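The shown structure was predicted, so the numbers you read here are calculated from the model rather than taken from an experiment. Order of the sequence lines fixes the chain letters, A, B, ..., with proteins taken first and strands second; residue numbering starts at 1 for each chain.
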2 protein chains.
Amino acid sequence: MEDAKQDRLERAGWRVGDAGDFLELTPEEAAFVELKLALAFYLRELRAAQGWTQTQTARRLRSSQSRVAKMEAADPSVSLDLLVRSLLALGASRADVGRVIARAA
Amino acid sequence: MEDAKQDRLERAGWRVGDAGDFLELTPEEAAFVELKLALAFYLRELRAAQGWTQTQTARRLRSSQSRVAKMEAADPSVSLDLLVRSLLALGASRADVGRVIARAA
DNA sequence: CGAGTATATGTCACAACTGACATACGCCGC
DNA sequence: GCGGCGTATGTCAGTTGTGACATATACTCG
């Protein structure tokens, strides 16, 4: 990982490092990251199921292609708010979101 | 509702008004608000089940009493991130959070 | 009635997120 | 190889969220 990215991530509040360092995450932090990852993958699934490009999806969400890419990557600069609101806007139901979150990692 | 509060809410991005105006929310916006409300009530349940005060809870979350109050009220100034991270920190599991979100309004 | 405790609301300086833009990477058909 | 397309990454100005503090309301116990 380049230093620039690490700086950005750390400013954004994540502990950053190689795989071994993940053990330093508290259980809550780990659960939160996994939860975000699950929603991120679901967003990609939803988009793929419709056959849309990130650019088309971005237009639909009134956002930008880069933000959609970051959402799907569960980038630390993406909030849960944005992820969930995007999923709902793309047609997921509240129950769908709940199911994805509850599903084991 | 006092004007001051209405101003604050509108600055925070909500459409504000009496009950009838809620019809102006898009379905996604409504679902998002309900989802937040469900988590907010769950936070209060969790706290009450432990017999903690908001102040004690705030210390545990490294936040302030006022923010806990706002979380439980699903105040627009509270993000989903904060709500979910708080629930996890208070002992809720990822599955618990998912279940609360999925549950019908 | 106070004093004490729990919760709610208003405000602000500072930190984090967002959309947009630029640019880079990877893949495919020509 | 090159151009086009889809996706990924870096950056930044403007907006929004956060913790803390002050203050307000509400309830209980002497």
Nearest-angstrom distance from the residue atom CD of Gln54(A) to P of dG26(C):
16 Å
Among residues 43-51 of chain A, which ones have heavy-atom contacts with DNA chain D below 4.0 Å?
Arg44(A), Arg47(A)
Please confirm whether any donor atom in the side chain of Lys70(B) sits under 3.5 Å from an acceptor in the base of dG10(C), or the reverse.
yes
Would Arg94(A) and Glu34(B) satisfy salt bridge (charged side-chain N to carboxylate O under 4.0 Å, His left out), going step by step from the backbone distance to the final call?
CA-CA 9 Å; Arg94(A) 186 177 146 183; Glu34(B) 285 171 13; 3.6 Å; yes
Quick one: Leu83(B) CG to dG19(D) P, roughly how many Å, whole number?
11 Å
Please report, rounded to the nearest Å, how far the C1' atom of dT15(D) is from the CG atom of Leu82(A).
14 Å
Minimum side-chain heavy-atom gap Leu39(A)-Leu35(A) below 4.5 Å:
yes
Distance col, row Arg85(A):CZ vs Phe32(B):CZ, nearest 0.5 angstrom, shows 5.0 Å
Length of the CG-P vector between Asp75(B) and dG17(D), whole Å:
10 Å
Base, sugar-phosphate, or nothing: which does Val68(A) touch, judged by heavy atoms less than 4.0 Å apart?
nothing
Want to settle it: does Leu80(B) or Ser66(B) sit nearer the 5' end of DNA chain D, counting the closest nucleotide to each?
Leu80(B)
Below 3.5 Å, does any donor atom in the side chain of Thr55(A) face an acceptor in the base of dC5(D), or the other way round?
no
Considering the terminal five base pairs at each end of the helix from dC1(C)-dG30(D) to dC30(C)-dG1(D), what angle separates the two local helix axes, rounded to 10°?
30°
Side-chain contact test, heavy atoms from C-beta onward, threshold under 4.5 Å: evaluate it for Asp96(B) versus Leu87(B) and give yes or no.
no
Hey, which sits more toward the 5' end of DNA chain C by its nearest nucleotide, Arg85(B) or Glu72(B)?
Glu72(B)
Compare all side-chain heavy atoms of Leu46(B) with those of Trp52(B) and state whether any distance is below 4.5 angstrom.
no
What is the distance, to the nearest angstrom, from the CZ atom on Arg59(A) to the C1' atom on dA20(C)?
14 Å
Quick one: the side chain of Gln65(A) and the base of dA8(D), do they pair up donor-acceptor inside 3.5 Å?
yes
Let's test your reading of the model: under 3.5 Å, does the base of dC21(C) pair with the side chain of Ser64(A) as donor and acceptor?
no
Contact class for Ser63(B) vs. all strands (heavy atom < 4.0 Å): base, sugar-phosphate, or nothing?
sugar-phosphate
Take atom CE of Met71(B) and atom P of dT18(D), then tell me their distance rounded to the nearest Å.
8 Å
Taken in chain and number order and not counting sequence neighbours, the residues that satisfy side chain to side chain donor-acceptor pair (under 3.5 Å) with Gln54(B) are Gln65(B), Glu72(B)
Are Arg47(B) and Leu43(B) side-chain neighbours, meaning at least one heavy-atom pair lies under 4.5 Å?
no
Heavy atoms from C-beta onward define the side chain here; which of dT7(C), dG19(D), dG10(C) lies closest to that of Arg67(B)?
dG19(D)
Only one of Leu80(B), Val84(B), Leu83(B) clears side chain to side chain contact (heavy atoms under 4.5 Å, CB included) with Asp81(A); which?
Leu80(B)
With heavy-atom distances below 4.5 Å as the criterion, would you say the side chains of Met71(A) and Val68(A) are in contact?
yes
Student check: side-chain heavy atoms of Leu82(A) and Ser86(A) closer than 4.5 Å
yes
Establish, with yes or no, whether the OP1 or OP2 oxygen of dT18(D) is under 4.0 angstrom from a side-chain nitrogen or oxygen of Ser79(B).
yes
